[in-house]
Number of protein chains: 2
Amino acid sequence: MKRNSRLSSALHVLTHMAETDDRSLTSQHLASFIHTNAVVVRRTIAGLRDAGIVTSTRGHGGGWQLARPPEEITLAEVSAALGESLLPFSTEPESPGCLVEQAVIAALDEFRQQAEKLLAEKLSSITLADIAADYRKRFEKIGVSSHAV
Amino acid sequence: MKRNSRLSSALHVLTHMAETDDRSLTSQHLASFIHTNAVVVRRTIAGLRDAGIVTSTRGHGGGWQLARPPEEITLAEVSAALGESLLPFSTEPESPGCLVEQAVIAALDEFRQQAEKLLAEKLSSITLADIAADYRKRFEKIGVSSHAV
DNA sequence: ACAATTCGTAACTAAATAAGTTACATGAAA
DNA sequence: TTTCATGTAACTTATTTAGTTACGAATTGT
């Protein structure tokens with residue numbers, strides 16, 4: 001799997017959950033959708049459970065389900081729940097005391113703060129239901145299986 | 001050196017160049033500012049040369065200088081010249097033909113496009129001169145050497 | 001000319017990070 | 001009580017990036 005595809009992977013499995021009403025999908029099932037391992041899936045979406053976006057149940061018939069209707073799940077929440085910043089450049093001081101570094105970091109930190117706000121606003125306007133609707137539109141148009149491999 | 005500190009590193013050495021008028025700074029010199037290797041510096045800022053932000057000269061007295069006044073160097077240019085996207089999440093298809101993936105990628109790509117525009121606008125409003133001015137302010141306030149280690 | 005200096009770059013090594021895998025404990029349903 | 005599924009730790013593998021070494025090319029000073 002490529003790097004930094006966690007957001008994409010998470011949205012992929014969430015969309016499958018959105019399209020699977022009243023039934024749990026196992027980690028193994030979700031893993032097969034994105035061609036990876038069940039443990040990787042659990043690890044990836046563990047944060048979504050902690051954030052109240054999905055629920056997991058153990059044992060017979062267990063697996064994963066959306067905790068809320070897809071209309072109430074925004075991409076901003078999903079992104080935040082994955083625990084990764086969308087702006088991963090570092091502003092850690094490496095030479096504390098260097099005034100040039102301090103000036104650079106001050107500029108970048110202010111930018112980061114404003115940028116994260118902007119990005120969160122943008123991502124808040126997109127819900128899982130939007131993606132699911134787009135998927136359905138594509139499905140109706142082409143009329144084939146939902147997962148051609 | 002930490003990961004993804006290339007933007008920070010580049011701005012650091014650029015600020016030093018801005019504060020060093022009429023004189024070239026060698027890769028070795030720049031490297032010592034950010035506690036790294038001269039080859040790493042050359043590699044990092046090679047893109048800045050290609051983008052016309054700095055010039056490099058070989059031989060005796062050679063080294064690096066700004067190609068333009070710092071007022072005319074925006075962070076947007078610097079960031080772009082480093083050749084890294086500020087939004088490094090992947091939208092590469094991994095299961096071509098999967099309609100769910102297509103819907104996810106479509107949503108993320110549209111977001112990316114809008115977000116990159118927003119970020120570029122923000123970064124365009126900050127110039128190297130702004131950072132240099134902030135550095136000078138800090139210098140005057142504290143009144144010590146520019147690179148306490 | 002020739003020596004000294006400095007960038008340009010290829011090739012290799014080392015470190016960090018993330019994915020993938022194995023193993024097993026925990027919990028729940030048939 | 002057997003089976004199924006998650007939770008998680010520990011390990012392996014792959015990828016990326018920084019760091020290093022080496023050397024050629026270009027430029028300046030003597």
Side-chain angles (χ1 to χ4, degrees), chain A residues 1-10 12-13 17 20 22-51 53-67 81-86 88-90 92 94-95, chain B residues 1-10 12-13 17 20 23-51 53-67 81-85 88-90 92 94-95:
Chain A
M1 188 188 285
K2 289 185 193 63
R3 241 176 163 184
N4 272 318
S5 57
R6 290 183 59 198
L7 179 56
S8 173
S9 296
H12 192 147
V13 299
M17 289 184 225
T20 308
D22 297 336
R23 195 158 49 85
S24 286
L25 289 169
T26 68
S27 304
Q28 180 55 55
H29 216 144
L30 297 175
S32 70
F33 291 144
I34 58 177
H35 302 112
T36 184
N37 187 286
V39 176
V40 174
V41 168
R42 287 185 206 125
R43 214 156 43 191
T44 302
I45 65 179
L48 304 184
R49 182 188 53 230
D50 300 341
I53 295 170
V54 297
T55 58
S56 64
T57 52
R58 295 177 165 183
H60 262 290
W64 301 81
Q65 278 183 291
L66 296 185
L82 293 175
E84 295 175 330
S85 171
L86 286 171
F89 60 82
S90 168
E92 293 282 304
E94 299 182 15
S95 315
Chain B
M1 186 189 285
K2 288 184 195 63
R3 240 175 163 186
N4 272 318
S5 56
R6 289 184 60 198
L7 179 57
S8 173
S9 295
H12 192 148
V13 300
M17 290 183 221
T20 308
R23 195 156 50 83
S24 287
L25 290 168
T26 68
S27 304
Q28 180 54 55
H29 217 142
L30 297 175
S32 71
F33 289 145
I34 57 176
H35 302 112
T36 184
N37 186 285
V39 176
V40 174
V41 168
R42 288 185 205 124
R43 213 154 44 188
T44 301
I45 65 179
L48 304 184
R49 181 188 54 230
D50 301 340
I53 295 170
V54 297
T55 58
S56 63
T57 52
R58 294 176 166 184
H60 262 290
W64 301 82
Q65 278 182 292
L66 296 186
L82 293 175
E84 295 175 329
S85 171
F89 59 81
S90 167
E92 292 283 303
E94 299 182 15
S95 315

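As the structure is a computational prediction, the values presented were derived from the model and not from experiment. Order of the sequence lines fixes the chain letters, A, B, ..., with proteins taken first and strands second; residue numbering starts at 1 for each chain.
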Residues from residues 53-60 of chain A sitting under 4.0 Å of DNA chain D, heavy atoms only? A:Ser56, A:Thr57, A:Arg58, A:Gly59, A:His60
Is any side-chain nitrogen or oxygen of [X] closer than 4.0 Å to OP1 or OP2 of [N]?
{"X": "A:Thr36", "N": "C:dG20", "value": "yes"}
{"X": "B:Arg42", "N": "C:dG8", "value": "no"}
{"X": "B:Ser27", "N": "C:dC7", "value": "yes"}
{"X": "B:Arg49", "N": "C:dC7", "value": "no"}

Roughly, in whole Å, what's the span from CD in B:Glu84 to C1' in D:dT16? 11 Å
Spacing between B:Leu30 atom CG and C:dG8 atom P, to the nearest angstrom: 12 Å
Looking at D:dA5, C:dC7, D:dG19, which one has an atom nearest to any side-chain atom of B:Trp64? C:dC7
Hey, mind stepping through B:Thr44 and B:Arg6 against side-chain hydrogen bond (donor to acceptor under 3.5 Å, both in side chains) and telling me if it holds? CA-CA 7 Å; B:Thr44 301; B:Arg6 289 184 60 198; 4.6 Å; no
Result for side-chain contact (heavy atoms from CB on, under 4.5 Å) between A:Leu25 and one of A:Val13, A:Thr20, A:Val54 points to A:Thr20
So, using side chain to side chain contact (heavy atoms under 4.5 Å, CB included) as the criterion, who are the partners of B:Ser32 when residues are at least two apart? B:His29
Interatomic distance, CD1@A:Ile45 vs CG@A:Asp50, rounded to 0.5 Å, equals 11.0 Å
I'd like a list of close polar pairs between nucleotides 10-14 of chain D and the protein, N/O only, cut-off under 3.5 Å.
unit_1	atom_1	unit_2	atom_2	d
D:dA10	N6	A:Arg43	NH1	3.3

